[in-house]
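Down below is the structure, laid out as structure tokens.
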4 protein chains.
Amino acid sequence: MTDTARSRAILTTASRLFAEKGYGNATTSEIARAAGVAEGTLYHHFGSKDGIFLTLFDETIDGFLAGIEELLGRRTTGRETLAALARFLFDYVSRHQERYLILLRDFPVHLTVQQFAKGSPQREKLDRVTELFSRVLARGKADGTLELPFPVRETAEMLRGTFYGTTRLKMLGLIQAPFPRLGRMAESYWLKALASRRAPKTPRRTP
Amino acid sequence: MTDTARSRAILTTASRLFAEKGYGNATTSEIARAAGVAEGTLYHHFGSKDGIFLTLFDETIDGFLAGIEELLGRRTTGRETLAALARFLFDYVSRHQERYLILLRDFPVHLTVQQFAKGSPQREKLDRVTELFSRVLARGKADGTLELPFPVRETAEMLRGTFYGTTRLKMLGLIQAPFPRLGRMAESYWLKALASRRAPKTPRRTP
Amino acid sequence: MTDTARSRAILTTASRLFAEKGYGNATTSEIARAAGVAEGTLYHHFGSKDGIFLTLFDETIDGFLAGIEELLGRRTTGRETLAALARFLFDYVSRHQERYLILLRDFPVHLTVQQFAKGSPQREKLDRVTELFSRVLARGKADGTLELPFPVRETAEMLRGTFYGTTRLKMLGLIQAPFPRLGRMAESYWLKALASRRAPKTPRRTP
Amino acid sequence: MTDTARSRAILTTASRLFAEKGYGNATTSEIARAAGVAEGTLYHHFGSKDGIFLTLFDETIDGFLAGIEELLGRRTTGRETLAALARFLFDYVSRHQERYLILLRDFPVHLTVQQFAKGSPQREKLDRVTELFSRVLARGKADGTLELPFPVRETAEMLRGTFYGTTRLKMLGLIQAPFPRLGRMAESYWLKALASRRAPKTPRRTP
DNA sequence: GATGAATGAGTGTTCATTCAT
DNA sequence: TATGAATGAACACTCATTCAT
């Protein structure tokens with residue numbers, strides 16, 4: 001469809017410009033020009049500059065959440081799921097760097113803390129990340145493959161912080177190690193910190 | 001000095017307003033009004049709005065770096081230094097939340113994109129953080145109290161990412177666990193992931 | 001006809017929205033949406049946003065003029081016609097408040113400045129109002145039931161101003177008295193100001 | 001003062017442009033250019049385009065209210081005050097046509113009925129007009145020089161409507177009679193409608 | 001006739017910075 | 001040193017109108 005083609009062109013262009021210059025420094029007229037559409041067309045399709053941003057946000061995080069859910073669907077042990085999670089996370093971000101950069105760099109800054117309300121769909125998606133991390137840990141706790149000296153939820157929050165912070169510093173150029181290495185390190189250290197040293201309660205594969 | 005009193009008023013006010021509304025949403029006229037000075041006075045003292053920000057940045061990070069250096073100066077074992085580091089980091093951020101919020105929330109987006117050059121004094125201070133983390137780990141590797149399956153530098157980067165990400169998510173309201181709990185969790189998990197399970201090469205206290 | 005049904009829906013919707021928010025604040029897309037038609041359909045039927053307005057204007061003022069002409073057709077004395085006019089005017093406006101509000105509130109500012117040329121059909125209708133007022137007064141002057149110390153035309157202009165201003169202030173919420181009261185007051189004061197105190201030249205009822 | 005000179009230049013220019021093209025059609029950049037100042041200066045002094053308008057409004061209506069109050073201060077009989085009021089009103093408007101045109105033509109239209117709240121200073125000034133009209137009538141009722149078959153307040157509303165409507169239609173070009181003539185007609189007809197035909201209760205001059 | 005996606009000139013407003021006093 | 005009035009380029013956004021289908 002022409003419609004989709006134009007929307008897509010706007011999203012692609014905006015994604016690039018946001019990544020290059022930051023959300024605040026990319027102007028709507030610039031995006032329109034680069035996308036080959038009139039400025040009004042931006043507003044016809046997305047309602048506002050924020051609307052473009054939030055569409056990119058949604059698309060990016062949706063794929064991200066789906067990936068984690070897919071891992072959980074495999075029904076491997078908690079330990080194995082955690083290992084797979086570490087590999088997936090850094091791999092996913094590595095493969096979608098541009099989109100992820102925008103999300104990581106620009107999101108919470110321009111939407112003020114207050115505006116970023118608890119009930120918004122975006123906020124719910126962000127909360128869902130911690131929820132999925134929790135499910136991985138809970139599975140390991142249940143099947144005895146993981147050992148947590150702290151509550152599941154709070155450990156999940158810290159785990160997420162590790163991933164988030166490492167990725168963000170990497171994107172900001174403050175970390176030199178390449179993404180694949182970061183993934184392997186995360187897998188190794190997370191397991192050292194969390195894997196049970198005793199034999200699991202249940203057989204290797206959960207039913 | 002009157003001069004210093006005015007500068008300090010500006011910094012204090014700016015710090016509060018940046019924290020409340022974000023760097024981009026706090027205007028210079030607003031800062032001047034709230035600080036009880038003329039708008040031009042801001043420019044006499046700090047040259048630009050960015051100048052105010054960078055002064056706050058410097059002050060905040062200087063205390064932070066000094067704190068870590070002080071830890072290293074105690075010459076405890078690597079393992080003990082790492083434990084103390086975890087406690088110090090979250091405690092420090094907790095005690096300077098306002099300043100830190102600005103640094104964590106506003107800094108990178110605003111100055112990072114291109115302009116945040118490798119040679120700048122601020123960049124060097126940021127790099128110094130990883131360097132100090134590395135020294136903690138290197139000490140543990142040398143005295144046998146820590147065990148690193150990956151290079152010191154890269155492990156330091158990940159460690160820093162953990163701290164940075166956890167703190168930032170906390171500041172953005174995406175983490176519920178309170179700061180002291182985060183500190184205890186970091187200490188516990190970092191040691192589980194990095195502490196040597198064998199007896200240390202050297203006696204407990206380095207001479 | 002489908003055509004007429006659509007036109008009518010557009011006019012009804014536009015009338016409501018103009019009254020609610022003012023001509024300038026009601027958008028064509030909003031009117032189209034509320035009327036259940038496509039935006040382009042507005043242009044097929046009325047050519048422009050102004051076209052919709054002018055159609056409403058014509059419909060409203062046509063009924064108004066017809067009402068006054070009907071009064072004149074009754075061939076009562078000038079005094080009686082003037083009394084009937086006062087009652088009719090406020091009653092008519094009261095019964096068509098929505099339409100009249102638009103005409104009174106939005107018309108002149110929007111089309112008057114320059115563009116509201118002497119020759120336009122709308123201008124002629126507006127001029128016709130004063131003309132009909134003049135005919136009422138002229139009749140009274142002729143039959144001796146009214147007594148005018150000033151020329152008929154100019155008195156008619158002032159009379160019209162009274163009606164127009166009272167109505168407009170009422171619509172703008174600056175007058176508290178209800179419409180029926182305004183009608184009774186107009187009738188009373190107009191007669192006090194204009195009715196002849198001597199016996200009429202002609203018998204009560206004109207042949 | 002330079003300050004006042006610039007403000008005044010802006011007000012004078014805006015007044016002219018609003019009168020020429022209407023509030024909505026005069027742009028801020030146009031006003032700034034014509035006034036010989038930067039566009040930002042408009043906002044420095046008046047905060048918004050509306051702010052300029054409201055300043056003009058206040059200045060115009062303040063002189064108007066002061067004029068009526070001065071009449072009331074003379075303590076002549078109600079009848080004489082009413083006659084003086086009629087002459088003053090049309091004379092005042094005639095002498096400040098440009099300013100008055102803006103007020104009459106543009107005011108209630110662009111500030112929506114809802115926004116034009118009861119408590120606003122502007123609304124209070126408008127309400128004060130009717131109040132002063134009432135005081136004129138009340139004086140005449142008290143001293144027996146005026147005779148009102150309807151309540152003072154409502155008669156004042158109608159009187160005001162007469163003045164307002166006549167003036168507005170004149171400004172819109174729908175009335176041909178010149179201002180001085182309108183003043184004389186108002187005086188004559190108002191007295192005919194309201195003056196007592198009996199001897200006044202009190203001597204001619206109120207103490 | 002009917003549609004509605006696309007248009008783009010135009011708008012009011014912002015705000016970091018300057019500079020004469 | 002301190003002031004604050006003045007600046008003006010830049011911005012996100014609006015909306016009546018068009019036209020290919």
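So that the names make sense, note that chain A is the first sequence line, chain B the second, and so on, each numbered from 1.
Distance from the side chain of T27(A) is smallest for dC11(F) among the nucleotides dC11(F), dT3(F), dT7(F). The side chain of V37(A) lies closest to dT7(E) when the candidates are dA2(F), dT7(E), dA5(E). Closest to the T28(D) side chain, of the nucleotides dC13(F), dT13(E), dT7(F), is dT13(E). Minimum atom distance to the side chain of E39(A) is reached by dG10(E), of the listed dG10(E), dA2(E), dT17(F). Comparing dA16(E), dC13(F), dT13(E) by their closest approach to the side chain of S48(A) singles out dC13(F). In this structure, the nucleotide among dA6(E), dA6(F), dA16(E) sitting nearest to the side chain of R6(A) is dA6(E).
Judged purely by distance below 3.5 Å, without hydrogens or angles, the side chains of T28(B) and E39(B) pair a donor atom with an acceptor atom.
Here T41(A) reaches the OP1 or OP2 of dT7(E): one of its side-chain N or O atoms lies under 4.0 Å away.
Among the heavy atoms of the strands, none lies under 4.0 Å from S29(D).
Atoms CD1 (I10(C)) and P (dA16(F)) sit 14 Å apart, rounded to a whole Å.
With a 3.5 Å ceiling on both atom-pair distances, the Watson-Crick or G-U wobble partner of dA20(E) is dT3(F).
Closest-nucleotide positions on DNA chain F for G40(C) and H44(B) were compared, and the one nearer the 5' end corresponds to H44(B).
Taking a cutoff of 4.0 Å between a charged side-chain nitrogen and a carboxylate oxygen, E30(A) and K49(A) do not qualify as a salt bridge.
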